[in-house]
Each structure stands twice: as C-alpha cells, then as structure tokens.
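A short worksheet on the structure shown next.
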Amino acid sequence: MNFTFKPLSELSSETAIFLISEPASLPKTLVDLDRHNHIANAIKADRAFGGKTGQMVTVLAPHGFQQKQVIILCIGKTIEATNLTVQSAGGALASKLNQMKISEADLVIDTAEEFKVDLAINLAIGIKLKNYAFNKHYVAKKEEHELTLAKVNILSTSKNETAFAQQEAILNGVIVTRNLVSEPPNNLFPISFAEECEKLKAFGVKVTVLNKEDLQALRMGALLGVAQGSANEPRVVIMEWHGNNSRPDEVTALVGKGVTFDSGGINLKPSQGVADMKCDMGGAGVVTGAVMALASRKAKANVIGAIGLVENMPSGTAQRPSDVVVSMSGQTIEVDNTDAEGRLVLADVMWYVQEQYKPKNLIDLATLTGAIVIALGDYYAGLFSNSDELARNLCAAADKVGEQIWRLPLHDFYDKQINSDTADIKNTGQSGRGAGSTTAAQFLKRFVKDCAWAHLDIAGVTWTKHGNDICPKGATGFGVRLLNQYIMDNIERNA
Ligand code: BES
Ligand code: MN
Ligand code: ZN
C-alpha cells in the first residue's frame, strides 16, 4: 500500500479521517467544516465513544461536505500518547477501512503540535503493519480475501516524506519476514528460501549460498545430520551488508534458525500442532527481513546475516536418537533427541560466522523451544546473553518498538545438564522438561567463542493465533524492528 503526504488544504478522498485526542473537542479543521455541528452531535450521541485509543465513530458526511463519510479516530490523551499507542490506533484504523471496503482515504493531522510523538509516522506504521494479508494462495475465493485499502493520504502541516521513507524500508523488511514465515513448506524449502535471499542483491547485499558439498567441506556435521533425513538438500546463506567502510572490522552477526519444516525427525512430533512447524524457519525469516531493511535504508553498519536452512524429516536416511555427530567446531554431539534440531543447525552456523567474520556481537534468533511458549506465551520472546551490555541494549530497543523480550538465566548448573555419557555434549537437558529453554541456550553457548552473544528464543512470538493491534493473525515478523532499532541506536550511533 502507498502513502502520500500533502498539505492540509488538499482534502480530496471520499473518506476523511480526523483525529480526536479527548472526546470533548473536535480538531480545528473539522470544526471549520462542521458548521451545523452534525459531526459534533453524532459523536455525542455515540455513548460508547469514550475517547479510548483506537476508538472510532463513523458519520455519513452532512450536506455540504465533499466527502461521503467522515471517521473520527481517537488517539488517546495528549500526555499519555506514545509511539506504540498511536501505532495501535493506526492499526485499528486500517482494520476499519478494510471492513468498510475503502480503498483510499485522507488522514487529517492538524493536532500534531500538541503531541510529543510523531502522529503521522506512527499512524502510518500502524496502518501499514495491520494492513497485511497473506492471500496469494486463494484462487476461487480471491476477492473475499483481498484487502481494499491501497492508499492513505496524510494531510498535515509538516513534511514527513523522508522520515517515512526510512520507516517504509523497515516495514518492508517486516513484510518480507511475514511472507517467508507464512509460505507453506512445500513451496519454501532450503533451496527456494535461498533463492528468496538472492533477491537482496538488488539492495546491495552480498549473498553467498553454500550448498551441501560446501557444507560437507566445512565439516558442518551437526547441521548436515539434521538435513540427512530429507529429500530437500540443506543450504546456508550468508547475507552481507557493509554500510560502514570506515570501520570494516566492526561486524554484527545475525544468525537465524531456518528449519523450513520440523516434523521432529525420528522423534516424530504428535500430529496435533505439527502443522505449526512450517514457521520453524522464523529466525531465518527475521534475519532475512532485517538485513533487507538495513540495506534498503542504507544503515551505517556492517551486518552479516547467516541462516541455516534444513528440513527435519523422518526417513530411512534420517539421523537416529543416540547418533553422534561432529560439529564444525570439532566438538562431538550426542543426538539424544532428533527434535532438538535447531540447536544443532545453529551450532554450525554460529561457528562458521565467528571463524569467518570475527563479529563483535552475535545475535541469534530461533523458534527454539516449546518451553519458551509455556514460560512467556506469545507476547515476550526469551533473551539469553553472556553480555549484560548487549542484553540491556537489546531490551532498550525492544521497549522502543514494542517487541518485548525478557531475559532468562544461564548458569553452569544448567550447562552441566548437557554433558553426555558418550560425546562432548548432548542436545537435550537432564531434568526432564525443566528449564528447557535455558538448556537449549546453554547448548548454543558452547559454540560461542569470545564475542558478545545474545540468543532470542522467538518460538512463542513468531506467529499470532488471534492477531494483535498492529498485526493480523498469522506471522508477526517479530524481531525485524527490534534488530533494526538495536543497530540504529548502538552500532550506527557510534559509526
Ligand atoms: N521447533 C521446535 C520448538 C517450537 C515449539 C517452536 C513450539 C515453535 C512452537 C523445536 O525444534 C523443538 O522441537 N524443541 C523441542 C526440544 C526438546 C525435544 C528438547 C521442544 O521444545 O519440545
Ligand atoms: Mn524440533
Ligand atoms: Zn525446531
């Protein structure tokens, strides 16, 4: 969808939206138009309209208006409005406009100076994030699932184009991630995923695809073990964005788990819920979307995105529980459970990235454990880190964009639980299902050399069953805006 930015005088669409911050007073522009108090009375008559953020009143435009209808959107109290509450109001508006089958609307912002937050940008963010549908696979019911909203004209006194262009780059990254996560696994498998990554070349990203022979030559035994049960060959994709040539060795690495389908392998998952495992490439999806966002807004940072793409399937060639594999690091791993495959994939990709690029910071993202869903549900992602500073900076970025993360502990006590009787490490913890997300993180930590490392377990937040204020039900793209904000505030600021 498109946004245009125009001066206040250029009202032209059939639908106009006016903002109201308290239920009492109408915005200036509307007072001028509403000479006979039609709209003011309609608002008073609607007893349900209490002035809560995102609430709306729709009024058929009275005689004399050039519009057909006027929507009054409440954006809460001036002093209480934040970026996130205004984004929510934008999301609510997008839903409403689609329900009303509206394709174009004028959004009038003439109260901006009373607010500390940028209304235009945040409303646009909310609208664009909520105005998303993964509808490419509808054929017979195509129209039913089409979004109508295609254009919003933002009418205001300030110039917002450049600020929004930056945001649009980021939001397009979120959309790429949502599309990847939504795509069914018969279409999105390692080779086709890698092809999607190649499209980032258009943004100046260097894309390298490592095929099975390359991975064998690199001795990525842990990743290859997971892949060996599938007819779909694995791939590792490296996406490099070099946006700061003055400090070429200051590198941030983003590593993503890209299990395009996780059946569990020989430790086959129960049939209920296994279909959800198409989103087990969520981490890789976020890394891809984030690198695209950074490149497309030409971020002054050097970022390496690396994703391990495999399909975890049971078959005659699949790895067995109790197999021992040799990881690229040289450490041997007892595969106690073939369903704990994500950590095996990440171990080799993380090692490769550290050997190859010597990053200062390494952030991995993975739909790694069911345990994190039990602990945090679908709102907070889990954070594990060996660096208080990196953890703090990620939490600060998370707060800003409303993609919340909560830090959980790492400790030698948990590390001991992944010692194996037959190999250097095993891929499950010892205490039944206790602390499953932490033992998974401890496993990853054994493959961290000497960089600041953070692990985000996004198993709960990658997909929303019911949708939220700024995301329809389905893939969320959680992580793209967080990573972008982290890089903006910590890496680019020091550039
Ligand atoms: N991909 C799953 C984790 C997952 C669960 C993601 C629910 C999204 C929603 C992961 O590979 C897995 O199966 N983990 C196991 C680990 C266990 C076998 C040690 C789990 O969490 O049950
Ligand atoms: Mn699994
Ligand atoms: Zn998995």
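First listed ligand is number 1; within each ligand, the first listed atom is number 1.
Atom-to-atom distance recorded for Phe261:CZ and Asp276:CG is 9.0 Å, nearest 0.5 angstrom. Summarising the geometry, atom OG belonging to Ser385 is positioned 11.0 Å from atom NE2 belonging to His455; distances are rounded to the nearest 0.5 Å. How far CD of Gln430 is from OH of Tyr414: 14.0 Å, rounded to the nearest 0.5 Å.
Looking only at side-chain heavy atoms (C-beta outward), Glu311 and Val259 stay at 4.5 Å or farther from each other. In this structure, Asp348 and Val236 have side chains that are not in contact, with every pair of non-hydrogen atoms separated by 4.5 Å or more.
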- Message: For a side chain to side chain contact (heavy atoms under 4.5 Å, CB included) check, start with the C-alpha distance between Trp463 and Thr367, then their side-chain angles and the critical distance, and finish with the verdict.
- Response: CA-CA 10 Å; Trp463 191 267; Thr367 49; over 6 Å; no
- Between Asp280 and Asn312, is a side chain to side chain contact (heavy atoms under 4.5 Å, CB included) present by the stated rule, with each step listed? CA-CA 10 Å; Asp280 210 20; Asn312 187 22; over 6 Å; no
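Looking at Asn427 next to ligand 1, no N or O pair under 3.5 Å apart turns up. Where the criterion is an N or O separation shorter than 3.5 Å, residue side chain and backbone included, Thr428 fails it with respect to ligand 1.
Not a single heavy atom of Asp276 lies less than 4.0 angstrom from ligand 1. Assignment of Met281 to the shell around ligand 1 is not supported, since no heavy atom sits closer than 4.0 Å.
For residue Asp280, no N/O/S atom approaches the Mn ion (ligand 2) to within less than 2.8 Å. Inclusion of Lys257 in the first shell of the Zn ion (ligand 3) is supported: an N, O or S atom falls under 2.8 Å.
One option in Val345, Leu368, Asp336 has a heavy atom closer to atom 3 (C) of ligand 1 than any other, and that option is Leu368.
Counting non-hydrogen atoms of neighbouring residues, nucleotides and ligands closer than 6.0 angstrom, the NZ atom of Lys269 exceeds 12 such neighbours.
Its N, O or S atom nearest to the Zn ion (ligand 3) is what matters here, and for Asp280 that atom is OD2. No other N/O/S atom of Asp262 lies as close to the Zn ion (ligand 3) as OD2 does. Atom OE1 is the N, O or S atom of Glu341 at the shortest distance from the Mn ion (ligand 2). Nearest to the Zn ion (ligand 3), among the N, O or S atoms that Glu341 has, is OE2.
Within ligand 1, the atoms closer than 4.0 Å to a non-hydrogen atom of Asn337 are 18 (C), numbered from 1 in the order shown. Heavy-atom contacts of Met277 reach the following atoms of ligand 1: 1 (N), 4 (C), 5 (C), 6 (C), 7 (C), 8 (C), 9 (C) (cutoff under 4.0 Å). Within ligand 1, counting atoms from 1 as listed, the ones closer than 4.0 Å to a heavy atom of Ala459 are 6 (C), 8 (C). Taking every non-hydrogen atom of Lys257 and a distance limit under 4.0 Å, the qualifying atoms of ligand 1 come out as 1 (N), 10 (C), 11 (O). Per-residue contacts place Glu341 under 4.0 angstrom from the following atoms of ligand 1 (heavy atoms of the residue considered): 11 (O). Counting the atoms of ligand 1 from 1 in the order shown, those under 4.0 Å from a heavy atom of Arg343 are 16 (C), 19 (C).
Among all protein heavy atoms, the one lying closest to atom 12 (C) of ligand 1 is Asp339 O, 3.2 Å. For atom 2 (C) of ligand 1, the nearest protein heavy atom (residue, atom name, distance) is Asp262 OD2, 3.6 Å. Ranking the protein heavy atoms by distance from atom 1 (N) of ligand 1 puts Asp280 OD1, 2.8 Å first. In terms of protein heavy-atom proximity, atom 21 (O) of ligand 1 is closest to Gly370 N, 2.7 Å.
Side-chain atoms of Asn393 and Asp489 include no donor-acceptor pair closer than 3.5 Å. Side chain to side chain, Thr476 and Thr464 fail the donor-acceptor criterion of an N or O pair below 3.5 Å. With 3.5 Å as the limit, one finds a donor-acceptor pair spanning the side chains of Asn172 and Lys128. Checking Asn244 against Asn302 by side-chain atom types alone, no donor-acceptor pair falls below 3.5 Å. With hydrogens and angles left out, the side-chain atoms of Trp453 and Asp364 include a donor and acceptor closer than 3.5 Å.
At the Mn ion (ligand 2), the vertex angle linking OD2 of Asp262 with O of Asp339 is 170° (nearest 10 degrees).
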